[in-house]
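The structure appears right after this line, and notes come after that.
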2 protein chains.
Amino acid sequence: MGNKNVGIKDVALAAGVSVTTVSHVLNEVAYARVRPETKEKVRAAAEQLGYEPNRLAQALRTQRTGMLGLLSEDIATTPHAGRIILGADEAAKARGYNLMILNTSAAATLDSRQADVEALLERRVDGILYATMYHRNVDLPPNLGNVPSVLVDSVSTGGNITAVIPDEESGARTAVSALVEAGHTRIGFLNNTDDVPATHLRLQGFRNTLDEAGLDGGAAPVESASSEVQGGYEAARRILERGAGADVPTALFCYNDRMAMGAYRAAAELGLAIPADLSIVGFDDQQLIAANLYPALTTVALPHYEMGAWAVEQLIDAIEGKTDLALMAAAPTVMDCPLVRRHSVAPPRA
Amino acid sequence: MGNKNVGIKDVALAAGVSVTTVSHVLNEVAYARVRPETKEKVRAAAEQLGYEPNRLAQALRTQRTGMLGLLSEDIATTPHAGRIILGADEAAKARGYNLMILNTSAAATLDSRQADVEALLERRVDGILYATMYHRNVDLPPNLGNVPSVLVDSVSTGGNITAVIPDEESGARTAVSALVEAGHTRIGFLNNTDDVPATHLRLQGFRNTLDEAGLDGGAAPVESASSEVQGGYEAARRILERGAGADVPTALFCYNDRMAMGAYRAAAELGLAIPADLSIVGFDDQQLIAANLYPALTTVALPHYEMGAWAVEQLIDAIEGKTDLALMAAAPTVMDCPLVRRHSVAPPRA
DNA sequence: GGGCGTGGGAGACGGATGGGCAACAAAAAC
DNA sequence: GTTTTTGTTGCCCATCCGTCTCCCACGCCC
């Protein structure tokens, strides 16, 4: 029913007890001794009046808001932020917390980000999640340290805050292994040109996996370009056209799904059928692309949902004193990137 | 600097005045008369101590939280939600409000959505935005009416709440006009099979535009399928293969960008070059697809950002007493869908 | 004595909590 | 078998959280 303005004292009045008692029974205070019948009366009155506690007043008194601040970069431009938010929101909801989300930009000045943190702090959030759009190193506003906080998908340049990131190297290994296991021996890599951790770690995973498979990782073809569709197209053309026919790769590992999309076009132009003539595996599992390409793209998923959920769990544990975040701050927690098998990988032609 | 727990009374102490005075000067209360020098002292003390007001206490006292609740369906699965959130967030921030976002699902029960509204109400948000994933009719939780609220991208089945929706019909006209103006006379429509307003209104816009151009809208080819890539592919094959060669459309208007993506594949398989042999225009302007298809897709953009921003403006105006939402509740506000020209439209072959 | 310029006191707002205070019962003292 | 003593139970009073705001106080000048 509508409650509008029923307060604890209205309930007390209706139940014929004091507000103290109402508070005790509704919060199930352990040390409070209240006769069962009285409890029942109170509950009935509360129910009947449609009483809902005013969280503001509660928070003021208890110094706990039950709100978590989430500062997220570029919510709109990437679906990744959405997955993080979703994971965080569900985990928070499950433990009785709510999220207050502020959007910021990867390009925002430190000052503006500091102001955002300030806004969260004024609202007395119990903890803060700072989520970035992609895995990189960030400068954090210093006031972030005023409440428990954890970094999602990034590592702090300061390095003293708990963080969770995807395991780029192992993700790359997973992707390349899928190709190796399908029987490919000539595998190329379409890499990104940005200087972010993923660029280096995926390359490393690529090389190591080949080496361990007895293929020469150091000699495998790698072409770099911007991590967009156009870049993927260009890099794919270069890699597929270089060298003699016999040296051309029969499989491509792409830095991300957008580049893979470019590779699809390059393959089509060169008359190469996927996966019969060319196998491809991407990275990121961007639904809109990976599932909609034809044939659907086999790719490695970034654990955005899981990172968001994990971060919230840690945060709440810390807030409730079950964990000490400082202990985890030494090194970032890494999370696995699982392979999503679709239809872009097949054995090479005999 | 770090503030931790400096309150108004600390400032008062430091400035040698009463808390009343501090409150007066920091809030620039109009009727309060305070000597300029005193004001200065207070401001200096506040600054020096790094005082930030406790919004909880403020809110408790003033009955205004400065928070807007945003209930959004399926944040993660569509970038649309992201655009709405972004528009809402920026508009809110500009007017000193913050957003509290809760995720819900289009499939969620009325009860669960009601619980979400309840959570927002407990936190005493000043108003609520209810954003849906795509334009349709929704059943709203009844407790939504307890605070000012506006519906984004949907119309309430009850019909008595302010809403803002895209102008589907005019969007379709814009799209089809672009084709007509390029010189096409045989234009087909790949429609959706879902029974949502957009399905009917876009069809209507399609037919009307053709009629007004002297082409026979009623006779124009329309194929319906699921509004995904695969559906688009199938519908496009059907439409491009039916009838004799001379009757085949030279241009396709697609229900959305995903279907357009399917149409691209169909065209490729049939040896039709885009835009030379076949012009295509989509709907939605899903960045990931529209900008990345080759050639890039000309499409109609849904005003998600604008709707989010508009909704927040109305909400805040209502909260601050500048507007009466009830006056606007009679009919939904419709917003324009602008054409985004890229490279998939050209004149038909001579 | 009224007006003006300055500033402070004392409740709210809605709920949480530690310390008490009655009432009654069981145990101990006489 | 009556009193005390010592506990329990069951419940409420008084305060506090941090801020705003109505209303009053004081000094001084006409």
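Residue numbers start from 1 in every chain, and the chains themselves are labelled A, B, ... in the order their sequence lines are given, proteins ahead of strands. Only this structure's heavy atoms are used, side chains among them; waters, hydrogens and symmetry mates stay out.
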Can you check the B/Asn54 CG to C/dC13 C1' distance for me, whole Å? 13 Å
Does D/dT21 have OP1 or OP2 sitting under 4.0 Å from an N or O in the side chain of B/Tyr31? no
When rounded to the nearest 0.5 angstrom, what is the spacing between CG in A/Leu315 and OG1 in A/Thr323? 10.0 Å
Within this structure, what is the NZ-to-C1' distance between B/Lys41 and C/dG8, rounded to whole angstrom? 14 Å
I need the CZ-P distance between B/Arg64 and D/dT21, as an integer number of Å. 11 Å
Does the side chain of A/Tyr51 get closer than 4.0 angstrom to OP1 or OP2 of C/dG15 through an N or O atom? yes
Once salt bridge (Lys or Arg N to Asp or Glu O under 4.0 Å) is applied, what residue pairs with a partner in residues 317-334 of chain A remain, sequence neighbours excluded? A/Arg95-A/Asp317, A/Arg95-A/Glu320, A/Glu320-A/Lys322
Any donor-acceptor pair under 3.5 Å from B/Asn54 side chain to B/Leu56 backbone: yes
Are A/Asn27 and C/dA16 close enough that a side-chain N or O sits under 4.0 Å from OP1 or OP2? yes
Between atom NZ in B/Lys9 and atom C1' in C/dG8, what is the gap in whole Å? 15 Å
A/Ile8 CD1 to C/dG15 P: how many Å, rounded? 6 Å
List the steps, then state whether side-chain contact (heavy atoms from CB on, under 4.5 Å) holds for B/Tyr130 with B/Thr132. CA-CA 7 Å; B/Tyr130 192 104; B/Thr132 56; 3.8 Å; yes
Return the value, rounded to whole Å, for the distance between atom CG of B/Leu56 and atom P of D/dT19. 10 Å
Between atom CG in A/Leu60 and atom C1' in D/dT19, what is the gap in whole Å? 9 Å
Going by atom types only, do A/Thr21 and A/Ser18 share a side-chain donor-acceptor pair under 3.5 Å? yes
Ring geometry between B/Tyr31 and B/His24 (parallel below 30°, tilted from 30 to 60°, perpendicular above 60°): perpendicular
At a cut-off of 3.5 Å, list every protein nitrogen or oxygen paired with a nitrogen or oxygen from nucleotides 11-16 of chain D, distance to 0.1 Å.
residue	atom	partner	partner atom	Å
D/dC11	OP1	A/Arg35	NH2	3.0
D/dC11	OP1	A/Thr38	OG1	2.6
D/dC11	OP2	A/Arg35	N	2.8
D/dC11	OP2	A/Thr38	OG1	3.3
D/dC11	N4	A/Arg33	NH2	3.2
D/dC12	OP2	A/Ser18	N	2.8
D/dC12	OP2	A/Ser18	OG	3.1
D/dC12	OP2	A/Thr21	OG1	2.6
D/dC13	N4	A/Thr20	OG1	2.6
D/dC16	O2	A/Arg61	NE	3.4
D/dC16	O2	A/Arg61	NH1	3.0

Distance in angstrom units between A/Arg55 CZ and D/dC17 P, rounded: 21 Å
In short, A/Asp126 meets A/Gln63 closest at the heavy-atom pair OD1-O, 4.4 Å
Compare side-chain N and O positions of A/Gln58 against OP1 and OP2 of D/dC17 and report whether any pair is under 4.0 Å apart. no
side-chain contact (heavy atoms from CB on, under 4.5 Å), that's the test. Do B/Ile8 and B/Tyr51 meet it? Break it down for me. CA-CA 8 Å; B/Ile8 199 174; B/Tyr51 169 74; 4.0 Å; yes
Is a side-chain donor-acceptor pair under 3.5 Å present for A/Asp139 with A/Thr157? yes
Using five pairs at either end of the helix from C/dG1-D/dC30 to C/dC30-D/dG1, determine the angle between the two local helix axes and round it to 10 degrees. 80°
NA contact type, B/Ser23, heavy-atom cut-off 4.0 Å: base, sugar-phosphate, or nothing? base
